[in-house]
Amino acid sequence: MNTYTFANLKGGSGSTTSAVSVAEALIQEGKSVLVVDLDPQGSLSRWVASRSGSSTALLSGDFDAVEIESVEQGNDARGTFDVVTANRSLAQVDNVRAAKVAKRIERLWDSSSGYDHGLIDPPPSVGALVLGALMASDGALAPVEAGPGAMDGLKDTMQLLNRTGATPLIGAFACRVDVRTTLDTQVPDGLLDELGAVDDGGTSFRTFVREAIAMREAQTAGELPGSYDPDMTAVADYRDLTSELLTLNKS
Ligand SMILES: Nc1ncnc2c1ncn2[C@@H]1O[C@H](COP(=O)(O)OP(=O)(O)O)[C@@H](O)[C@H]1O
Ligand SMILES: [Mg+2]
């Protein structure tokens with residue numbers, strides 16, 4: 001099982017969108033995927049769990065009496081992935097030690113051996129949840145929202161990874177790139193220049209994700225992006241990004 005945490009300490013970078021979209025691209029590649037929502041805001045849960053079937057406790061026990069709800073999105077139905085959902089009570093977990101969070105997630109991975117991939121969508125703030133998620137992952141994937149100040153959140157995230165040694169950065173990628181805007185298109189180029197391409201031993205993906213109005217609509221409708229609009233530019237981009245990621249696993 002390959003496990004990744006989407007991480008950018010700047011909120012609104014595209015972590016949740018990326019977790020949902022990469023999960024969808026992975027299942028379309030025939031992979032089985034478990035997505036863990038670790039954000040007390042529960043935006044990923046609200047997005048995808050409304051279409052879920054039965055509710056089971058994938059995480060049995062609790063984090064110091066904090067229940068983590070979980071939802072199984074119908075293993076039998078194709079085109080779905082399983083989600084461990086989050087709610088506000090998770091906020092209390094941010095006060096426990098990161099190592100404890102990591103242990104809990106590792107136990108979840110151990111009991112989820114049937115999955116090819118585990119993806120975590122943590123909150124954007126520094127705390128036990130994000131640190132624990134990183135510690136329990138094989139690597140971090142860092143979405144970078146194109147636009148002014150794009151690099152700031154990434155720098156903070158990379159510093160956290162370096163300082164704590166929690167997990168390596170697998171790769172950064174630009175999100176919400178408006179290809180009509182020079183400033184936006186400079187972001188993916190800048191990432192490649194500064195970090196080097198992942199297939200060259202660096203930490204920038206070659207793929208960037210374009211801004212697509214339909215992405216917000218898919219979220220509002222509670223649908224997976226590719227089933228909401230299979231022709232969405234961002235869906236094609238996330239498919240390419242996922243191919244890059246899968247190629248890395250093979251090498
Ligand atoms: N490719 C995209 N095209 C258009 N809007 C996007 C795209 N990616 C993300 N967004 C929007 O940007 C906002 C922040 O994205 P989100 O994934 O929630 O970030 P985070 O989880 O890092 O806070 C959301 O409103 C989301 O719909
Ligand atoms: Mg989010």
Side-chain angles (χ1 to χ4, degrees), residues 4-25 35-50 81 83-88 90-91 93-94 119-127 129-134 137 140-158 160 169 171-181 183-185 187-188 191 205 207-242:
Y4 303 105
T5 293
F6 288 89
N8 192 321
L9 297 177
K10 185 166 167 270
S13 295
S15 291
T16 300
T17 305
S18 298
V20 169
S21 300
V22 169
E24 186 179 30
V35 181
V36 181
D37 186 359
L38 264 196
D39 188 343
Q41 302 244 1
S43 49
L44 184 141
S45 303
R46 269 196 308 281
W47 185 347
V48 296
S50 63
F81 45 83
V83 183
V84 177
T85 60
N87 61 36
R88 296 227 158 263
L90 253 186
V93 174
D94 238 359
L119 304 177
I120 307 180
D121 180 27
S125 52
V126 192
L129 285 169
V130 72
L131 206 48
L134 291 167
S137 303
L141 303 172
V144 177
E145 192 199 355
M151 301 304 277
D152 299 345
L154 178 63
K155 292 233 161 85
D156 290 346
T157 310
M158 290 175 73
L160 178 75
L169 173 66
F173 55 96
C175 275
R176 300 192 63 179
V177 176
D178 180 347
V179 288
R180 299 162 304 179
T181 318
L183 187 68
D184 271 24
T185 54
V187 172
L191 286 177
F205 285 98
T207 309
F208 60 85
V209 180
R210 286 166 285 179
E211 166 104 28
I213 305 283
M215 189 58 92
R216 275 167 193 254
E217 294 170 357
Q219 182 169 8
T220 308
E223 287 196 41
L224 298 183
S227 75
Y228 180 79
D229 179 2
D231 299 325
M232 203 194 305
T233 52
V235 168
D237 298 337
Y238 276 114
R239 211 181 295 133
D240 291 347
L241 183 78
T242 303

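Each ligand, and each atom within it, is numbered from 1 in the order the structure gives. Positions are given from 1 along the sequence.
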Answer yes or no: does an N/O atom from [X] fall short of 3.5 Å to an N/O atom of ligand 1?
| X | result |
| --- | --- |
| Ala212 | yes |
| Gly14 | yes |
| Tyr238 | no |
| Ser18 | no |

Give a yes/no verdict on whether any heavy atom in [X] is under 4.0 Å from an atom of ligand 1.
| X | value |
| --- | --- |
| Ser43 | no |
| Arg210 | yes |
| Cys175 | no |
| Gly12 | yes |

*Would you say the side-chain atoms of Ser45 pair up with the backbone N or O of Ala86, donor to acceptor, closer than 3.5 Å?*
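Yes, the answer is positive, given that a donor and an acceptor are paired below the 3.5 Å cut-off.
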
*For the pair Arg210 (side chain) and Met232 (backbone), establish whether a donor and an acceptor sit closer than 3.5 Å, ignoring hydrogens and angles.*
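No: the side chain of Arg210 does not pair with the backbone of Met232.
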
I need the atoms of ligand 1 closer than 4.0 Å to a non-hydrogen atom of [X], numbered in the order shown.
| X | answer |
| --- | --- |
| Ser15 | 17 (O), 19 (O), 20 (P), 21 (O), 22 (O) |
| Val209 | 1 (N) |
| Gln219 | 27 (O) |

*In terms of residue, atom name and distance, what is the protein heavy atom nearest to atom 18 (O) of ligand 1?*
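Its nearest protein heavy-atom neighbour is Thr16 CB, 4.0 Å.
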
Let me confirm one number: the [atom1]-[atom2] distance from [X] to [Y], rounded to the nearest 0.5 Å.
| X | Y | atom1 | atom2 | value |
| --- | --- | --- | --- | --- |
| Ser15 | Asp39 | OG | CG | 9.0 Å |
| Asn8 | Thr157 | CG | OG1 | 4.0 Å |
| Thr233 | Met215 | OG1 | CE | 8.0 Å |

*Determine, step by step, whether Phe208 and Val179 satisfy the side chain to side chain contact (heavy atoms under 4.5 Å, CB included) criterion, reporting the C-alpha distance in whole Å, the side-chain angles of both residues, the deciding distance to 0.1 Å, and the verdict.*
CA-CA 10 Å; Phe208 60 85; Val179 288; 4.1 Å; yes

*For atom 11 (C) of ligand 1, which of Met215, Arg176, Glu145 has the closest heavy atom?*
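Minimum heavy-atom distance to atom 11 (C) of ligand 1 goes to Arg176.
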
*Within less than 2.8 Å of the Mg ion (ligand 2), any N, O or S from Thr16?*
yes

_Whether the Asp184 and Thr181 side chains hold a donor-acceptor pair (N or O, under 3.5 Å, no angle test) is what I'd like checked._
no

*Can you name the closest pair of heavy atoms from Ala19 and Phe6 and give their distance?*
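Nearest pair, atom of Ala19 first, then Phe6: CA-CE1, 3.6 Å.
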
*Over all heavy atoms of both residues, which pair between Ala174 and Leu191 is shortest? Give the atoms and the distance, please.*
N-CD1, 3.6 Å

*Is there side-chain contact between Phe173 and Val209, with heavy atoms separated by less than 4.5 Å?*
yes

*Where's the contact between Thr17 and ligand 1, heavy-atom distance under 4.0 Å: side chain, backbone, both or neither?*
both

